[in-house]
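These notes concern the structure reproduced below.
Residue numbers count from 1 along this sequence.
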Amino acid sequence: MSKLIIIEGLDGCGKSTQTALLEQYFKNQKIDYKKIKLPDYDSPSSTLVKMYLNGEFGKSANDVNAYAAGAFYAVDRYASFMLNWKSDYENGTLILADRYATSNSIYQMEKISREMWDEYLDWSADFEYDKIGIPKPDTVIYLDMPVEISQRLMSERYNGDESKKDVHEVNVDFLKKCRVAALYSAERQGWNVISCVDGDNLRSIEDIHNDVIKCIKKDL
């Protein structure tokens, strides 16, 4: 039976680390899986996404409305599905995705008024899962981290070179609003929320990984 598991979270929350640990877990458990990472920056299908993140449509993320930006990413996800993992998914391989259509609920919903959030969530799900036909996820794990901490970790990743941040990463106020939107989406759509902090302190990678495994076991 096909399964699609999504790891989500704001930039700097540790998605790549936790995805890699989950890959090792699947290998140890002899689970047949395929890992994908979206957007697929190596594919021409991500051209509009890259133009958007590089600020070619405007230096602020809000210069591109939620529906247009959501469509940019949706095209890339559709191409990824059709070209890279459709046959694996249909043959029963577990698909592990670092980001997915659920990212619209995090990064785009902030751009519209709160009373329209439910409408946007319904539009995004209908457009991607029903209209263009990419698979609906079975499990979504959202790694929650305060923006102040994730910003510090990103700055360390870029060795203090703030110019390396894209239009999302550089805007702290935008990211704070995205976190509010993400937690709202998580509650409405039934995501698993894992806190990456204990008070003001980062939790250990191992502790977070153990919580991820608990979610996987529960939903699988």
* Rounded distance [0.5 Å steps], CH2 in Trp191 versus SG in Cys215 -> 13.5 Å

* Would you kindly say whether Tyr89 and Asn84 are connected by a side-chain donor-acceptor distance under 3.5 Å? => no

* To do: Determine whether the side chains of Asn192 and Lys218 contain a donor N or O and an acceptor N or O closer than 3.5 Å.
  => yes

* To do: Only counting residues at least two apart or in another chain, list the ones meeting side chain to side chain contact (heavy atoms under 4.5 Å, CB included) with Lys30.
  => none

* Taking Asn91 for its side chain and Thr93 for its backbone only, find out whether a donor-acceptor pair lies under 3.5 Å. => no

* **Student check: side-chain heavy atoms of Met82 and Ile134 closer than 4.5 Å** => no

* Note: Asp211-Arg203 ion pair, threshold 4.0 Å (strictly below) -> yes

* Could Lys35 and Asp98 be called an ion pair, given the rule that one side-chain N must be under 4.0 Å from one carboxylate O? -> no

* **Which atom of Cys196 lies closest to which atom of Met145, heavy atoms considered** => CB-CE, 3.7 Å

* For the residue pair Lys111 and Gln108, confirm or rule out a side-chain donor-acceptor distance under 3.5 Å. => yes

* Over all heavy atoms of both residues, which pair between Arg77 and Tyr100 is shortest? Give the atoms and the distance, please. => NH1-O, 3.1 Å

* Electrostatic pair Lys3-Asp32, nearest N-O below 4.0 angstrom -> no

* Of the non-hydrogen atoms in Asp63 and Phe57, which two are nearest, and what is the gap between them? -> CB-O, 3.8 Å

* For Glu8 and Ser103, test the side chains for any donor-to-acceptor distance below 3.5 angstrom and give the result as yes or no. => yes

* Got a donor-acceptor contact below 3.5 angstrom from the Ser43 side chain to the Ser46 backbone? -> no

* Check whether any side-chain heavy atom of Phe81 lies under 4.5 Å from a side-chain heavy atom of Ile132, and answer yes or no. => no

* Is there a side-chain contact between Thr17 and His209 (heavy atoms, below 4.5 Å)? -> no

* Taking the six-membered ring for Trp, are Tyr120 and Trp117 ring centroids under 6.0 Å apart? -> no

* To do: Using a 4.5 Å cut-off on heavy atoms from C-beta on, say whether the side chain of Tyr73 contacts that of Tyr52.
  => yes

* To do: Please tell me if the side chains of Glu110 and Asn62 come closer than 4.5 Å, counting only heavy atoms from C-beta onward.
  => yes

* Would you mind checking if Asp76 and Arg99 are paired as a salt bridge, meaning a charged N to carboxylate O distance below 4.0 Å? => no

* To do: Locate the shortest heavy-atom distance separating Glu23 from Leu96; write the atom from each residue and the value.
  => CG-CD2, 3.9 Å

* Taking Tyr25 for its side chain and Ile213 for its backbone only, find out whether a donor-acceptor pair lies under 3.5 Å. => no

* Do NZ/NE/NH1/NH2 and the carboxylate oxygens of Glu90 and Lys86 come within less than 4.0 Å? -> yes

* Side-chain donor-acceptor pair under 3.5 Å between Asn104 and Glu128, yes or no? -> yes

* For the pair Asp40 (side chain) and Ser80 (backbone), establish whether a donor and an acceptor sit closer than 3.5 Å, ignoring hydrogens and angles. => no

* Looking only at side chains, do Asn210 and Glu206 share a donor and an acceptor under 3.5 Å apart? -> no

* Got a sec, which residues hit side chain to side chain contact (heavy atoms under 4.5 Å, CB included) with Ile31, two or more places apart in sequence or on another chain? -> Phe26, Gln29, Leu94

